[in-house]
Structures are given as structure tokens and as C-alpha cells.
Amino acid sequence: MDLLKAMGLSSLLTLCIALVIGSQGTSGGALAIYAITFDGFRFFWSWPVFLCGSGFGWGIMLLQR
């Protein structure tokens with residue numbers, strides 16, 4: 001259950017970071033931000049930020065037990 005909570009928070013973090021950096025027209029280097037168009041809606045995403053944020057959040061939640 002902690003992993004699902006961490007993934008939810010990480011997706012919110014990823015969307016915020018990718019929106020700010022991706023809307024400026026850059027890929028963010030190692031962040032690998034790219035634009036996704038789905039049904040006429042465009043948003044930005046970064047798998048490295050999502051995976052690192054999920055791991056970090058999961059680790060913090062495990063430490064709080």
C-alpha cells in the first residue's frame with residue numbers, strides 16, 4: 001500500500017516539474033521530459049523523475065513505520 005501512495009505523490013511531482021520545464025521547450029537533459037498528446041490534450045512526462053520520486057517516497061514511508 002505504501003508503494004501505491006508513493007506512486008500517486010510521485011506522479012503529481014512529475015507532472016508539476018515536467019510542466020514547468022517542458023513548457024519552456026527543453027527536455028531537461030537527464031530528466032528526459034517529453035510531450036504526450038492524448039485526445040487533443042497535451043501534457044509533459046518524465047519517467048526518470050517518476051521512478052526516482054516513487055523510490056524516494058516509498059523509502060520515506062517505510063522509514064516511518
Side-chain angles (χ1 to χ4, degrees):
M1 189 66 182
D2 288 337
L3 180 60
L4 293 176
K5 287 189 238 178
M7 290 172 70
L9 292 172
S10 179
S11 64
L12 182 63
L13 172 78
T14 302
L15 285 172
C16 291
I17 290 174
L19 177 67
V20 170
I21 296 174
S23 65
Q24 300 299 318
T26 183
S27 66
L31 298 179
I33 296 171
Y34 60 94
I36 299 172
T37 304
F38 179 73
D39 199 27
F41 180 70
R42 184 176 180 215
F43 65 96
F44 297 94
W45 188 254
S46 171
W47 283 110
V49 174
F50 176 74
L51 293 175
C52 291
S54 294
F56 184 68
W58 191 30
I60 288 177
M61 288 180 196
L62 288 176
L63 286 173
Q64 290 178 347
R65 284 189 177 183

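Since the model is a prediction, treat every value here as computed from it, not as a measurement.
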Are L9 and L3 in one and the same hydrophobic cluster, where Ile, Leu, Val, Met, Phe, Trp and Tyr link if side-chain heavy atoms are under 4.5 Å apart?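 No; tracing contacts between hydrophobic side chains, which count when under 4.5 Å, never links both residues.
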
Same apolar cluster: L51 and L62, side chain cutoff 4.5 Å: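 Yes; L62 is reachable from L51 via cluster members.
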
Of all residues at least two apart in sequence or in a different chain, which pass the side chain to side chain contact (heavy atoms under 4.5 Å, CB included) check with Y34?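 If we apply the side chain to side chain contact (heavy atoms under 4.5 Å, CB included) test to Y34, skipping adjacent residues, the hits are I36, W45, W47.
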
Could you pull out the closest heavy-atom pair between [X] and [Y], with the gap in Å?
{"X": "A6", "Y": "S54", "answer": "CB-O, 3.6 Å"}
{"X": "D2", "Y": "M61", "answer": "O-SD, 3.5 Å"}
{"X": "R42", "Y": "T37", "answer": "CG-OG1, 4.2 Å"}

Show which side-chain atoms of residues 13-21 pair as donor or acceptor with protein atoms under 3.5 Å away, not counting sequence neighbours.
residue	atom	partner	partner atom	Å
T14	OG1	S10	O	2.8
T14	OG1	F50	N	3.4

